[in-house]
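Some notes on the structure that comes next.
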Amino acid sequence: MVAQNSRRELLAASLILTLALIRLTEANSEGDALHALRRSLSDPDNVLQSWDPTLVNPCTWFHVTCNQHNQVTRLDLGNSNLSGHLVPELGKLEHLQYLYGIITLLPFDYLKTYFSITNQILFCFDSYSELYKNEIQGTIPSELGNLKSLISLDLYNNNLTGKIPSSLGKLKSLVFLRLNENRLTGPIPRELTAISCLKVVDVSGNDLCGTIPVEGPFEHIPMQNFENNLRLEGPELLGLASYDTNCT
């Protein structure tokens, strides 16, 4: 009996140690991802000064919030006078709930009025990814499609170029997608039409081409959210023509 109890205690201790090591590895991986972002950005106001990669995890860094398991859930860098590029390593922040830079959390009464919130929409409200009004350049990393908990991706008012990654269609919890006032090109990915939670899309003020999707959530997106894209040809006429004709 004593030997059996000892084995059970040893097994329990091993499990606890394994879980602790897993969480430590995750924290280190997330810290590496955020440090990669810091290296890619110019930070004249020293907003990221506390981001010390020698620490065990990034949960003590300013503008970073973690859950009780020391997993990064929020990154608040909006309107911080940052410039540079986004990095693929951001796709490793699998527990990310907020990547702030756009609107701060809206009052619930406003959301309820604007969206007539249902239980389905409430289920979608898990996480935000927002990085607005900076001087971020380059392309949107396709790896952002790995942030499966994301509900808000806000990258507006930057200098982003290239195409909207089709991988964003994997963000099945996404509610807000605001990419307006950049220099994005190419078509609007049809993969986005399969995101049932999607309620707000704004891609105005870019250089997109092709036609505007009309299926799924796009059925209710106002046309003003597609304005100032001189090469957009209007709503797609289903069954009559390819939506991306001569669109690059």
Side-chain angles (χ1 to χ4, degrees), residues 18-41 43 47-80 82 86-108 110-111 115 117 119-134 136 140-156 158 165 167-168 170-179 195 197-200:
T18 300
L19 289 173
L21 290 174
I22 290 173
R23 289 173 181 171
L24 180 60
T25 301
E26 287 181 343
N28 289 338
S29 176
E30 292 178 333
D32 291 344
L34 292 177
H35 188 58
L37 175 63
R38 180 188 177 182
R39 290 197 307 268
S40 75
L41 298 175
D43 179 22
V47 172
L48 308 178
Q49 187 174 15
S50 66
W51 288 26
D52 182 355
T54 64
L55 298 178
V56 174
N57 63 60
C59 297
T60 59
W61 300 356
F62 290 150
H63 311 290
V64 175
T65 302
C66 297
N67 61 19
Q68 65 271 29
H69 303 301
N70 289 329
Q71 297 161 333
V72 175
T73 57
R74 175 169 171 166
L75 182 60
D76 187 349
L77 292 175
N79 202 17
S80 297
L82 300 172
L86 300 177
V87 293
E89 287 85 350
L90 287 174
K92 297 178 181 179
L93 302 176
E94 60 182 61
H95 304 285
L96 188 67
Q97 296 179 336
Y98 307 86
L99 193 143
Y100 260 114
I102 206 159
I103 57 167
T104 52
L105 280 177
L106 296 172
F108 182 81
Y110 173 82
L111 289 171
F115 295 114
I117 289 180
N119 288 335
Q120 178 185 6
I121 297 175
L122 284 173
F123 178 77
C124 296
F125 277 103
D126 287 333
S127 33
Y128 285 74
S129 176
E130 304 174 351
L131 190 68
Y132 77 105
K133 288 188 179 179
N134 285 289
I136 306 300
I140 300 173
S142 61
E143 288 81 0
L144 293 187
N146 297 330
L147 303 177
K148 296 180 181 179
S149 298
L150 214 57
I151 71 161
S152 182
L153 178 57
D154 291 290
L155 298 172
Y156 68 77
N158 281 289
S167 62
L168 298 185
K170 298 189 298 182
L171 302 176
K172 299 306 181 183
S173 295
L174 196 66
V175 177
F176 303 98
L177 178 61
R178 284 171 282 225
L179 305 175
I195 304 177
C197 285
L198 195 58
K199 300 298 174 185
V200 174

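What you see is a predicted model, and the numbers here were worked out from it, not measured in a lab.
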Note to self: Testing the basics here: between Val64 and Pro58, what is the closest heavy-atom pair and its distance to 0.1 Å?
What the structure shows: CG1-O, 3.5 Å
Check: Between the main-chain N or O of Pro165 and the side-chain N or O of Ser142, is there a donor-acceptor pair closer than 3.5 Å?
Finding: no
Next item on the list: Please identify each residue that fulfils side-chain hydrogen bond (donor to acceptor under 3.5 Å, both in side chains) with Asn67, with sequence neighbours left out.
Entry: Gln71
Check: Considering residues at least two apart in sequence or located in another chain, which fulfil the side-chain hydrogen bond (donor to acceptor under 3.5 Å, both in side chains) criterion with Lys92?
Finding: none
Item checked: Heavy-atom side-chain contact between Val200 and Val175 under 4.5 Å -> no
Checklist line | For the student: nearest non-hydrogen atoms of Ser50 and Phe62, plus distance | finding: OG-N, 2.8 Å
Notebook entry, point to check: When rounded to the nearest 0.5 angstrom, what is the spacing between CD in Glu30 and CG in Leu75?
Noted result: 11.0 Å
Margin query: Taking side chain to side chain contact (heavy atoms under 4.5 Å, CB included) as the definition, give me every residue that meets it alongside Pro141, ordered by chain and number, with sequence neighbours left out.
Written below: Leu86, Glu143, Leu144
Check: What's the spacing between Leu90 CG and Leu34 CG if we round to 0.5 Å?
Finding: 7.0 Å
Next item on the list: State, yes or no, whether a side-chain contact exists between Ser80 and Asn134 at a heavy-atom distance under 4.5 Å.
Entry: yes
Check: Looking only at heavy atoms, which two atoms of Asn146 and Gly91 are closest? And how far apart?
Finding: CB-O, 3.6 Å
Next item on the list: Name all residues meeting the side chain to side chain contact (heavy atoms under 4.5 Å, CB included) criterion together with Thr65; count only those two or more places apart in sequence or in a different chain, and write none if there are none.
Entry: Thr73, Arg74
Notebook entry, point to check: Taking the side chain as C-beta and beyond, is there a heavy-atom pair between His95 and His69 under 4.5 Å?
Noted result: no
Checklist line | Lys172 NZ to Ile195 CD1 distance, which is reported to the nearest 0.5 Å | finding: 6.0 Å
Note to self: Could you measure the distance from the CG atom of Asn158 to the CG atom of Leu179? Nearest 0.5 Å is fine.
What the structure shows: 10.0 Å
Check: Do Leu168 and Leu174 come within less than 4.5 Å of each other through their side chains, counting heavy atoms only?
Finding: no
Notebook entry, point to check: Considering all heavy atoms of both residues, which atom of Lys148 and which atom of Ser173 are nearest to each other, and what is their separation?
Noted result: O-OG, 3.8 Å
Notebook entry, point to check: side chain to side chain contact (heavy atoms under 4.5 Å, CB included) with Leu41: which residues, sequence neighbours excluded?
Noted result: Leu37, Leu48, Leu82, Ile136
